**Q** 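Got a structure for you, questions after.
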Amino acid sequence: MAPSAPSTAARRPRPVTPRLGFRAQIRAGRKARRIPQLLAGLVGYGASVMLLVESGLGAASWNVLTEGTAASLGISFGWATNLISVLVLLAWIPLRELPGLGTLLNVAIVGFAADATAAVLPAPHGIVERGGYLVLGLVALAFFDALYLGAQFGSGPRDGIMTGLVRLTRLPIAAVRTCIEVLVAGLGWLLGGTVGAGTVLIALSMGPLVGYFLPRVAVRLPAADPSAAAGPSAVPPPAPAADPSPAAGDPQDRARGVRGLVRK
């Protein structure tokens with residue numbers, strides 16, 4: 001007998017960042033590791049953004065889009081950032097992406113960490129130092145992005161687009177992230193944003209780097225009980241008990257049963 005082909009569910013790998021609601025994220029185990037990892041990832045993310053900004057060799061894709069949006073609509077960079085964040089969060093709805101603690105802390109921590117880094121980071125001098133800031137900031141941004149995502153407390157607004165598309169399409173993280181980075185940078189450039197050599201490098205490198213780091217730093221959560229996850233309907237009903245009455249047996253047994261009742 002030929003072996004049956006594996007099911008589609010068996011062939012599909014389990015997502016690195018499973019879809020968890022706010023309560024499920026909080027109730028999941030290993031919080032002694034997950035919470036420090038989340039905080040370290042967000043602080044490092046903000047510091048890495050400032051390294052890229054100080055390099056002066058090209059903004060990240062989302063910053064290009066923000067700059068272009070501000071220029072085309074005649075609004076400030078801050079208001080353009082808020083507008084894009086709202087639109088991105090609306091895009092979560094068809095992706096069925098769920099917010100979490102990481103979503104809230106992303107807004108609260110990353111900006112402060114970037115400002116604190118700017119206050120102590122010396123300005124680079126010369127193309128060599130600027131290039132060092134760019135490369136270090138790029139690798140650090142990808143690592144800390146994966147670090148906070150791997151804590152399994154939900155993603156920031158822009159990273160939610162990536163994690164949602166990865167779960168829906170089952171495509172590799174590197175491919176999805178690269179497509180997003182290139183499309184966002186291109187749209188920002190069409191709207192009037194500034195694209196530099198660093199922008200191109202970031203757009204093409206962030207996807208592979210995040211795809212490399214995320215499986216290595218993601219916290220593996222205990223798997224749920226399949227029968228409990230499937231619900232009561234997954235448990236087969238008990239088989240009906242055999243009818244002990246003579247009527248359910250052989251015709252001769254039924255006849256003997258009838259004669260016995262007549263004698264009584």
Side-chain angles (χ1 to χ4, degrees), residues 36-71 75-85 88 101-151 153-162 177-178 180-182 184-185 188-189 193-210 212-214 217:
Q37 179 171 325
L38 171 65
L39 297 176
L42 292 174
V43 171
Y45 188 96
S48 304
V49 168
M50 191 48 59
L51 274 173
L52 293 175
V53 171
E54 289 294 324
S55 75
L57 295 177
S61 300
W62 287 100
N63 288 344
V64 174
L65 178 60
T66 303
E67 180 187 354
T69 301
I75 58 179
S76 68
F77 191 90
W79 276 108
T81 300
N82 294 335
L83 175 61
I84 292 172
S85 296
V88 168
L101 181 62
T103 310
L104 302 176
L105 293 182
N106 186 290
V107 178
I109 293 178
V110 170
F112 289 108
D115 289 343
T117 303
V120 299
L121 188 68
H125 300 286
I127 189 65
V128 175
E129 289 188 11
R130 293 168 64 190
Y133 272 34
L134 174 65
V135 174
L136 179 60
L138 172 59
V139 176
L141 184 68
F143 173 76
F144 287 114
D145 189 31
L147 193 68
Y148 99 83
L149 287 173
F153 277 112
S155 59
R158 293 159 181 79
D159 283 325
I161 300 294
M162 177 191 71
R177 182 62 177 259
T178 301
I180 293 173
E181 295 283 341
V182 171
V184 168
W189 177 73
T194 303
V195 173
T199 306
V200 178
L201 179 62
I202 294 169
L204 297 179
S205 302
M206 275 296 292
L209 286 173
V210 174
Y212 173 80
F213 286 127
L214 185 54
V217 300

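Quantities reported herein were computed from a predicted structural model and do not represent experimental measurements.
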**Q** Are Trp79 and Thr69 close enough, and set up right, to give a side chain to side chain contact (heavy atoms under 4.5 Å, CB included), and what steps lead you there?
**A** CA-CA 10 Å; Trp79 276 108; Thr69 301; over 6 Å; no

**Q** Provide the closest heavy-atom pair for Met50 versus Leu121 in the form atom of the first, atom of the second, distance.
**A** O-CD2, 4.3 Å

**Q** Looking at every non-hydrogen atom in both residues, tell me the closest pair between Asn106 and Pro157 and how far apart they are.
**A** OD1-CD, 4.2 Å

**Q** Taking side chain as C-beta onward, heavy atoms only, is Leu51 less than 4.5 Å from Thr117?
**A** no

**Q** Answer yes or no: is there a donor N or O on one side and an acceptor on the other, between the side chain of Thr103 and the main chain of Ser155, under 3.5 Å?
**A** yes

**Q** Of all the heavy-atom pairs spanning Ser61 and Ala203, show the shortest one and how long it is.
**A** OG-CB, 3.9 Å

**Q** List for me each residue that meets side chain to side chain donor-acceptor pair (under 3.5 Å) alongside Glu67, sequence neighbours excluded, and say none if there are none.
**A** Thr194

**Q** Return yes if some donor-acceptor pair links the side-chain N/O of Glu129 with the main-chain N/O of His125 below 3.5 Å, else return no.
**A** yes

**Q** Is Leu52 close to Tyr133 at the side-chain level, that is, under 4.5 Å between some pair of heavy atoms?
**A** no

**Q** Let me confirm one number: the CG-CE distance from Leu214 to Met162, rounded to the nearest 0.5 Å.
**A** 6.5 Å

**Q** For the CG atom of Leu141 and the OG atom of Ser205, what is their distance to the nearest 0.5 Å?
**A** 11.5 Å

**Q** What's the spacing between Leu83 CG and Ser76 OG if we round to 0.5 Å?
**A** 10.5 Å

**Q** Considering non-hydrogen atoms only, spot the tightest contact between Gly102 and Leu38 and give its length.
**A** CA-CD1, 4.0 Å

**Q** Quick one, Tyr148 and Leu105 - any side-chain contact, counting heavy atoms below 4.5 Å?
**A** no

**Q** Any non-hydrogen side-chain atom of Met206 less than 4.5 Å from a side-chain atom of Leu138?
**A** yes

**Q** Taking side-chain contact (heavy atoms from CB on, under 4.5 Å) as the definition, give me every residue that meets it alongside Val195, ordered by chain and number, with sequence neighbours left out.
**A** Val64, Trp189, Thr199, Val200

**Q** How about Phe77: does its CZ atom have over 12 heavy atoms from other parts shown lying under 6.0 Å from it?
**A** yes

**Q** Checking Phe213 now: which residues fulfil side-chain contact (heavy atoms from CB on, under 4.5 Å) with it, not counting sequence neighbours?
**A** Val139, Ala142, Phe143, Ala146, Leu209

**Q** Any side-chain heavy-atom pair from Leu149 and Val217 closer than 4.5 angstrom?
**A** no

**Q** Is the closest side-chain heavy-atom distance between Glu181 and Val210 below 4.5 Å?
**A** no

**Q** Is the shortest heavy-atom distance from the side chain of Leu42 to the side chain of Phe153 under 4.5 Å?
**A** no

**Q** Of all heavy-atom pairs between Ser48 and Ala140, which one has the smallest distance, and what is that distance?
**A** OG-CB, 3.2 Å

**Q** Let's go through Leu65 and Arg158 carefully: what are the C-alpha distance in whole Å and the side-chain angles of both, what is the deciding distance for side chain to side chain contact (heavy atoms under 4.5 Å, CB included) to 0.1 Å, and is it a yes or a no?
**A** CA-CA 12 Å; Leu65 178 60; Arg158 293 159 181 79; over 6 Å; no

**Q** Any side-chain to backbone donor/acceptor pair from Arg130 onto Gly56? Under 3.5 Å, distance only.
**A** yes

**Q** Kindly compute the distance separating CG (Asp159) from CH2 (Trp62), expressed to the nearest 0.5 Å.
**A** 9.5 Å

